[in-house]
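A quick note: this is a predicted structure, and the numbers were derived from the prediction, not measured. Below, chain A is the first sequence line, B the second, and so on; all start at residue 1.
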Amino acid sequence: MGWEQRGNNSYFYRKEREGSRVRSVYVGRGEIAHMVAQLQSTSPLLEKLARTMKSPEVIKAEKAEAALDQASDLIQLITQAALLTAGYHTHKRQWRRKRHDGQS
Amino acid sequence: MTDKVESPLTPAKPEEIRVTFRQLLEKTNKDHPRPQDVAALADLLNGNQGLQLWRDVFSAAQYAQRAVIENSSSVAGVKECWKYRLSSLRQELGYNEAPVLEKLLIQDAALSWLKLSLVELQYSHTMKQSITLTLGIFWEKRLSAAQRRFTRACETLARVRKLSRNTPALQFNIATSGGQQVNVAK
């Protein structure tokens, strides 16, 4: 479950999967965290129900979003490639140009 | 508006090209990439093989535009208005005069803007009604994703524009083996 013990207190963490990694996102502690935990335990069931009852409109919207995401990702990839070939590289998520002989 | 690509002179192997492309990207995105890898990536972007790559990206963008407009829940007249608005937005962003890479980014930014507007409309319409928690979370997620997509597209366009001021190499000429430039986009 999402409850984790730190010292004398329990804190509630939400688990999120990112590919093969699982990330813990802090939610809170005390009454609010209990409420969130209770809601979360029922939400997978509700989501499962909602998935089986998806309206055609939602299916259409998801299809469009998938196409848009795919195109967007491809464009980002090709931009990365263009920047790399122009002599840039990423440093701490920032694009920087390699210095040549003391010039930037 | 349609983007047209002339047929490449070499037979197309899109999957192979995409795999090579991704491998080269991984190899070159570091502080000191091997010059051979950078040269290979540049060849892939500029050469005949690269034509298939650019063609893929342009057709993916066109397909996305069609999917976004056609799958929205609106009457045909409104959809036509959106097509017109998208086209005029691209012109406002300097689509006609932009180099190939910027054209793609402009297309992406304009389409992400349209998608964000559509999701915002649906979101506000949905939130007026009494809805379940799950549905509320679903719409929040969709809105956040649309906002993130739009921000990313604008940031990338701005970054490329800023960097290309000092880096003419960012303006690609996609050439056939005969040496003639190919018009990738109208």
message: Could you report the tightest heavy-atom contact between B/S112 and B/F150, atom names first, then the distance?
response: CB-CA, 3.7 Å

- line: Among B/L25, B/D37, B/T28, B/L24, the residue with the most heavy-atom pairs under 4.5 Å to chain A is B/L25

statement: Residues at least two apart in sequence or cross-chain that pass side-chain contact (heavy atoms from CB on, under 4.5 Å) with A/A67, listed by chain then number, are B/Y63, B/A64, B/A67

message: Measuring centre to centre across the rings, with the benzene-like ring taken for any Trp, is A/W3 within less than 6.0 Å of A/H34?
response: yes

- line: Those residues of residues 117-124 of chain B that come under 4.5 Å of chain A on a heavy-atom basis, listed by number, are B/V119, B/Q122

query: Would A/F12 end up clustered with A/V22 when hydrophobic side chains under 4.5 Å apart are linked, directly or stepwise?
result: no

- prompt: Which pairs with one or both residues in residues 67-77 of chain A pass side chain to side chain donor-acceptor pair (under 3.5 Å), sequence neighbours excluded?
  reply: A/D69-B/R149, A/S72-B/D108, A/S72-B/R152, A/D73-B/R152, A/Q76-B/T156

- prompt: Among pairs that include at least one residue of residues 23-38 of chain A, which meet salt bridge (charged side-chain N to carboxylate O under 4.0 Å, His left out), considering only residues two or more places apart or in two chains?
  reply: A/E16-A/R23, A/E18-A/R23

